[in-house]
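Read the structure below first, then the notes.
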Amino acid sequence: MTTDERDETTSPAAAGERIAKRLARAGLCSRRDAERWIADRRVAVNGVVLDSPACVVTANDLILVDGQPVSEPERTRLWRYHKPAGLVTTHRDPEGRKTVFETLPADLPRVVSVGRLDLNSEGLLLLTNDGALARKMELPSNGWVRRYRVRVHGEVDPVALQRLERGVTVEGQAYGSIKATLDRQQGANAWLTVALHEGKNREIRRVMEYLGWPVTRLIRVAYGPFQLGTLEERAVDEVPGKVLREQTGGAKPVLRPKVDSRPAGEREKDERLKEQDQRKKAAPLRHGPAKGNADANRRRKP
């Protein structure tokens with residue numbers, strides 16, 4: 001995932017947001033791709049073709065890409081994905097290897113991953129259509145534990161595993177507390193359960209290699225409150241909105257503003273008609289006597 005896709009973002013405010021971010025939130029492309037589209041003069045705002053990404057838009061602006069209106073962004077969503085070994089967690093791979101995103105169902109919107117799993121790692125990978133949520137979920141300050149099942153080659157020393165809880169430095173790289181327990185030793189191989197809070201690039205592999213136990217299989221089984229469970233390999237399962245809100249601290253769904261793509265003149269005319277209609281409904285009835293009075297008058301006639 002590129003840096004522009006991982007920057008933390010905030011909900012659009014009345015002051016608006018940059019056009020590249022808006023296009024990315026609509027699921028059309030990454031921010032970097034949006035900037036390329038603008039340079040190619042494919043993007044217009046309120047009838048003006050842009051030649052620079054230094055443009056701030058609001059929910060009332062009409063945005064066109066290749067002459068087509070940009071649809072409103074989706075609500076924030078999250079999926080569990082069981083990643084198999086042999087796929088890279090990136091949208092583009094310069095080495096031409098197959099990526100996670102090339103194997104996802106066609107009906108899935110454009111998504112980014114929450115963290116990564118390297119080429120040979122398996123298990124739970126969270127996917128979301130909201131880059132801000134991805135960044136929030138990756139922060140160590142969440143206190144979320146990442147849990148793994150790890151197979152290593154060699155005879156494991158439980159005492160050495162306990163020392164990892166104090167942290168370890170490997171080739172100048174400091175790693176925080178790692179909780180690792182020996183599940184079983186099977187001849188020349190052993191299965192471990194490993195839990196950590198941050199998960200730096202290839203952290204488990206490097207630490208175990210440093211201890212003399214090369215990793216031969218690595219499966220992520222949990223990311224914070226989200227579990228791999230019985231999800232089959234390559235399967236994708238959406239996390240219910242209620243669960244997502246409960247686990248990420250949201251009180252209600254994170255909804256995106258709806259963009260009114262009509263010209264400003266039409267929007268103003270519609271507002272005037274609504275106001276006139278409301279005034280008519282609020283005005284008292286002026287014509288003809290009330291039914292009760294009319295009946296009384298008829299009764300008085302000789």
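Everything quoted here is computed from the prediction, not taken from an experiment.
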Next item on the list: Decide yes or no on side chain to side chain contact (heavy atoms under 4.5 Å, CB included) for L127 and L78, but give the supporting numbers first.
Entry: CA-CA 6 Å; L127 306 170; L78 182 72; over 6 Å; no
Notebook entry, point to check: Linking I/L/V/M/F/W/Y whenever any side-chain heavy atoms sit under 4.5 Å apart, do M208 and V170 land together?
Noted result: yes
Next item on the list: Start with the C-alpha gap between L62 and V45, add the side-chain angles, then the distance that decides, and say whether side chain to side chain contact (heavy atoms under 4.5 Å, CB included) holds.
Entry: CA-CA 6 Å; L62 174 60; V45 176; over 6 Å; no
Check: CG of L228 to CD1 of I219: how many Å apart, nearest 0.5 Å?
Finding: 8.5 Å
Next item on the list: Give a yes or no answer on whether the side chain of E203 reaches the backbone of K200 with a donor-acceptor pair at less than 3.5 Å.
Entry: yes
Item checked: Atom CZ of R80 with >12 non-hydrogen neighbours under 6.0 angstrom -> yes
Check: Quick one: CD on E35 to CG on L50, what's the gap to the nearest 0.5 Å?
Finding: 12.0 Å
Next item on the list: Dump the intermediate steps for side chain to side chain contact (heavy atoms under 4.5 Å, CB included) on T103 and R234, then the final yes or no.
Entry: CA-CA 8 Å; T103 67; R234 294 179 182 267; 3.8 Å; yes
Note to self: Tell me which pairs pass salt bridge (Lys or Arg N to Asp or Glu O under 4.0 Å) where either residue lies in residues 42-54, with sequence neighbours left out.
What the structure shows: R42-D66
Check: Under a 4.5 Å side-chain heavy-atom rule over Ile, Leu, Val, Met, Phe, Trp and Tyr, are L211 and V152 clustered together?
Finding: yes
Margin query: Using only atom types and a distance under 3.5 Å, with no angle test, would you say the side chain of W213 pairs donor to acceptor with the backbone of E155?
Written below: yes
Item checked: Electrostatic pair R151-D183, nearest N-O below 4.0 angstrom -> no
Next item on the list: Output the distance between atom CH2 (W144) and atom NE2 (H197), rounded to the nearest 0.5 Å.
Entry: 12.5 Å
Checklist line | Exam field: side chain D118 to backbone N120, donor-acceptor pair closer than 3.5 Å | finding: yes
Check: Tell me the salt bridge (Lys or Arg N to Asp or Glu O under 4.0 Å) pairs involving residues 206-217, sequence neighbours left out?
Finding: E122-R217
Next item on the list: For H153 and A188, work out which heavy atoms get closest and say how close.
Entry: ND1-O, 3.3 Å
Checklist line | Qualifying salt bridge (Lys or Arg N to Asp or Glu O under 4.0 Å) pairs, either residue in residues 165-181, two or more places apart | finding: E165-K179
Notebook entry, point to check: Within the side chain of E17, is there an N or O that forms a donor-acceptor pair under 3.5 Å with the backbone of I19?
Noted result: no
Check: Can you tell me if S177 uses its side chain to pair, donor with acceptor, with the backbone of G167 under 3.5 Å?
Finding: no
Check: Are the charged groups of D130 and R75 less than 4.0 angstrom apart, N to O?
Finding: no
Note to self: Quick one: does any side-chain atom of H82 pair with a main-chain N or O of L231 as donor and acceptor, under 3.5 Å?
What the structure shows: yes
Next item on the list: Kindly work out whether a path of hydrophobic side-chain contacts (I/L/V/M/F/W/Y, heavy atoms less than 4.5 Å apart) joins L124 to V88.
Entry: no
Item checked: Nearest heavy-atom neighbours spanning L244 and T76 -> CD2-O, 3.9 Å
Next item on the list: Kindly work out whether a path of hydrophobic side-chain contacts (I/L/V/M/F/W/Y, heavy atoms less than 4.5 Å apart) joins V145 to Y175.
Entry: no
Checklist line | Nearest-0.5 Å distance, CZ of residue R77 to OG1 of residue T128 | finding: 9.5 Å
Margin query: Strictly distance-based, threshold 3.5 Å: is any side-chain N or O of N129 a donor or acceptor partner for the main-chain N or O of V111?
Written below: no
Notebook entry, point to check: Is there a side-chain hydrogen bond (donor to acceptor under 3.5 Å, both in side chains) between R116 and T90 once you walk through the steps?
Noted result: CA-CA 8 Å; R116 291 187 180 189; T90 182; 4.7 Å; no
Note to self: Using a 3.5 Å distance criterion without hydrogens, assess whether the side chain of E102 forms a donor-acceptor pair with backbone atoms of T99.
What the structure shows: yes
Margin query: When you group the ILVMFWY residues by side-chain heavy-atom contacts below 4.5 Å and let the links chain together, are V221 and V243 in the same group?
Written below: yes
Item checked: Considering all heavy atoms, the nearest L182-A190 contact -> CD1-CB, 3.8 Å
Notebook entry, point to check: So with a 6.0 Å cut-off around OH of Y210, is the heavy-atom count from everything else above 12?
Noted result: no
Item checked: Rounded distance (nearest 0.5 Å) linking atom CG of L133 with atom CD of E138 -> 9.5 Å
Next item on the list: Side-chain contact test, heavy atoms from C-beta onward, threshold under 4.5 Å: evaluate it for W191 versus V150 and give yes or no.
Entry: no
Next item on the list: Show your working on side chain to side chain contact (heavy atoms under 4.5 Å, CB included) between Y81 and L108 and close with a plain yes or no.
Entry: CA-CA 12 Å; Y81 170 66; L108 221 63; over 6 Å; no
Next item on the list: Enter the distance from Y148:OH to I178:CD1 here, rounded to the nearest 0.5 Å.
Entry: 10.0 Å
Note to self: Using 30° and 60° as the class boundaries, would you call the ring planes of H91 and F101 parallel, tilted or perpendicular?
What the structure shows: parallel
Notebook entry, point to check: Is a side-chain N or O of K83 found less than 3.5 angstrom from the main chain of E233, in a donor-acceptor match?
Noted result: no
Item checked: Nearest heavy atoms of S113 and L125, plus distance in Å -> CB-CD1, 4.1 Å
Check: Is it true that a side-chain atom of Q162 and a backbone atom of A180 form a donor plus acceptor pair closer than 3.5 Å?
Finding: no
Notebook entry, point to check: Can you name the nearest heavy-atom pair linking V215 to I204, along with the distance?
Noted result: CG2-O, 4.3 Å
Note to self: Around atom NZ of K98, are there more than 12 heavy atoms from other residues, nucleotides or ligands closer than 6.0 Å?
What the structure shows: no
